[in-house]
Amino acid sequence: MTTAARAAALQARAAKVAPAIALESRYGAHNYHPLPVVLNRGEGVFLFDEQGRRYLDMMSAYSAVSFGHSHPALVRALTEQAGRLAITSRAFHTDRLGPFLETLCRLTGMPRALPMNSGAEAVETAIKAARKWAYKVKRVPDGLAQILVAEGNFAGRTTTIVGFSSESQYRDGFGPFAPGFAHVPFGDAKALEAAITPHTAAFIVEPIQGEAGIVVPPAGYLKAVREICTRHNVLMICDEVQTGLGRTGRMLACDHEGVRPDGLTLGKALGGGLLPVSAFLAREDVMAQFTPGDHGSTFGGNPLAAAVGQAALELLEVEQLARRAHDQGEYLMAQLGKLNHRAVIDIRGKGLLVGVEIDPDFASARTVCEALMAEGVLSKDTHDTVVRLAPPLVIEREQIDFAVNGIDRVLRVLASKQTTSAEAATA
Ligand SMILES: *Cc1c(COP(=O)(O)O)cnc(C)c1O
């Protein structure tokens with residue numbers, strides 16, 4: 001198809017899908033800027049739009065759909081449990097929560113877990129646990145506990161969490177913010193040590209920064225952070241909402257450096273791509289800070305979420321998806337490495353969490369993603385310049401080839417367009 005024909009087809013499609021987009025736009029808050037595609041079905045690594053056109057999902061809902069869309073085993077767990085018992089609140093015990101927490105602790109090597117729903121809630125739980133631990137165990141004077149965070153962090157959208165974001169758009173207009181947070185540069189262990197005070201309760205860090213543009217810290221960083229936190233009696237809390245559960249090629253991204261954190265947040269893939277399920281996990285003396293009435297959630301740990309979460313974890317183990325993410329990730333990186341295109345400034349990541357940084361003088365990552373959509377590949381830009389590639393962990397090699405070929409074609413077409421417009425300008 002020529003570029004003009006492709007553009008015309010894209011336009012025709014956009015006009016057809018307009019009703020659904022128009023309704024969303026008319027009645028919804030404009031807090032997202034989705035690609036102009038209306039999806040109505042998903043199966044494995046594929047998504048389908050209203051016209052039945054098939055797309056390869058290279059985003060998997062920001063890593064929440066690690067198992068692919070509507071995995072039969074997970075749908076079965078969901079529907080069976082939904083027909084039996086779904087929501088009870090934590091006012092009562094259920095036969096589902098214990099086994100889920102046991103599996104979660106066994107697979108992560110953490111002693112205790114507290115179930116929540118969204119990733120942001122898991123991080124909020126971590127903050128509460130760290131502060132109370134600081135007052136009760138570390139004996140920090142009341143009200144003075146400080147939590148260190150990394151520049152470029154993303155941990156969700158609550159007012160407390162955006163308060164410690166270093167991204168001005170996430171904060172603008174939403175203050176005043178909770179005090180008690182300070183920034184250190186990401187990837188710099190020396191800076192972390194220099195920032196620690198006697199009042200420091202915890203350092204919250206993503207092992208790889210996802211929303212910041214798939215930023216991988218220098219090798220040895222997590223190990224150094226672990227050592228520094230231990231030496232200063234500061235909790236190392238890893239936010240693995242995005243990097244956890246096999247995404248980077250190990251069960252946890254911390255496992256790459258053989259590091260066990262004192263606190264851990266999980267979410268996204270924990271819900272099997274079907275439900276919001278998150279958890280805060282911690283060592284005994286940290287989790288012991290919570291006593292009845294301190295903290296909770298109406299939906300956290302509900303039997304439906306527990307059944308799906310447990311089925312997701314079992315699938316992760318049985319299908320060895322971490323191993324798979326490692327192998328397919330290496331293949332994806334190798335194929336991307338062959339692109340050899342001037343627009344590609346950097347390719348980075350681990351496992352199946354990969355960012356392709358595009359030269360902003362060439363095109364915005366958004367433009368690339370829109371063009372990829374026309375090629376049948378769905379992804380999402382992050383931070384204007386990075387195309388995120390985080391497909392379901394069940395992706396096959398030929399599907400990776402399809403995605404990389406799509407990227408190759410898109411970059412070539414954009415480059416030829418630029419040449420044409422440059423020629424037109426000189427003519
Ligand atoms: C997505 C994300 C969160 C927030 O999860 P939500 O479910 O959107 O609240 C927290 N931390 C990290 C590292 C994330 O990527």
Side-chain angles (χ1 to χ4, degrees), residues 29 31-32 34 59-66 108 114-130 147-167 169-171 174 181 183 186-187 202-217 221-222 225 236-248 252-254 261 263-281 297 299-302 305 308-309 312 349-355 379-383 386 388-390 393:
N31 58 327
Y32 277 92
M59 226 275 285
S60 39
Y62 302 95
S63 302
V65 186
S66 283
T108 58
L114 192 160
M116 297 295 282
N117 311 284
S118 68
E121 288 174 329
V123 174
E124 289 277 351
T125 305
I127 292 166
K128 288 170 84 171
I147 292 176
L148 295 173
V149 295
E151 278 164 14
N153 71 76
F154 180 83
R157 301 291 200 157
T158 66
T159 49
T160 293
I161 288 171
V162 298
F164 63 75
S165 171
S166 49
E167 183 64 35
Q169 198 205 344
Y170 297 169
R171 301 163 51 90
F174 299 129
F181 297 94
H183 288 104
F186 180 64
F203 176 46
I204 301 180
V205 66
E206 296 158 82
I208 294 174
Q209 289 188 329
E211 300 309 302
I214 323 293
V215 183
V216 184
Y221 176 62
L222 296 175
V225 168
M236 176 183 185
I237 298 178
C238 285
D239 183 354
E240 296 228 31
V241 168
Q242 186 155 173
T243 55
L245 305 177
R247 173 57 56 186
T248 70
L252 301 176
C254 285
L264 170 73
T265 53
L266 294 175
K268 294 197 168 110
L270 189 55
L274 295 175
L275 289 173
V277 183
S278 72
F280 170 63
L281 297 99
S297 159
F299 289 100
N302 70 70
V308 171
K350 257 199 183 116
L352 284 172
L353 184 61
V354 172
S379 184
K380 186 70 171 69
D381 50 297
T382 171
H383 278 249
V386 181
R388 174 204 314 256
L389 300 176
L393 307 186

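The structure displayed is predicted, hence computed values, not measured ones. Any value given below was found using the heavy atoms of this structure, including those in side chains, with hydrogens, waters and symmetry copies removed. Counting starts at 1 for both ligands and their atoms, in listed order. Numbers for residues simply follow the sequence, beginning at 1.
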Taken in chain and number order and not counting sequence neighbours, the residues that satisfy salt bridge (Lys or Arg N to Asp or Glu O under 4.0 Å) with E124 are none
Rounding to 0.5 Å, atoms SG (C254) and CD (E240) come to a distance of 4.5 Å
Does one side chain, of S165 or N153, offer a donor that lies under 3.5 Å from an acceptor on the other? no
- Message: Any donor-acceptor pair under 3.5 Å linking the side-chain atoms of E211 with those of Q242?
- Response: yes
Residue set satisfying side chain to side chain donor-acceptor pair (under 3.5 Å) with T382, at least two apart, ordered chain then number -> none
The side-chain contact (heavy atoms from CB on, under 4.5 Å) partners of V308 (sequence neighbours excluded) come to L78, L274, L275
Short N or O contacts of ligand 1 with protein, under 3.5 Å, listed by atom name?
residue	atom	partner	partner atom	Å
ligand 1	7 (O)	G119	N	2.8
ligand 1	9 (O)	G119	N	3.3
ligand 1	9 (O)	A120	N	2.8
ligand 1	11 (N)	F154	O	3.4
ligand 1	11 (N)	D239	OD1	3.2
ligand 1	11 (N)	D239	OD2	2.7
ligand 1	15 (O)	Q242	NE2	2.8
ligand 1	15 (O)	K268	NZ	2.6

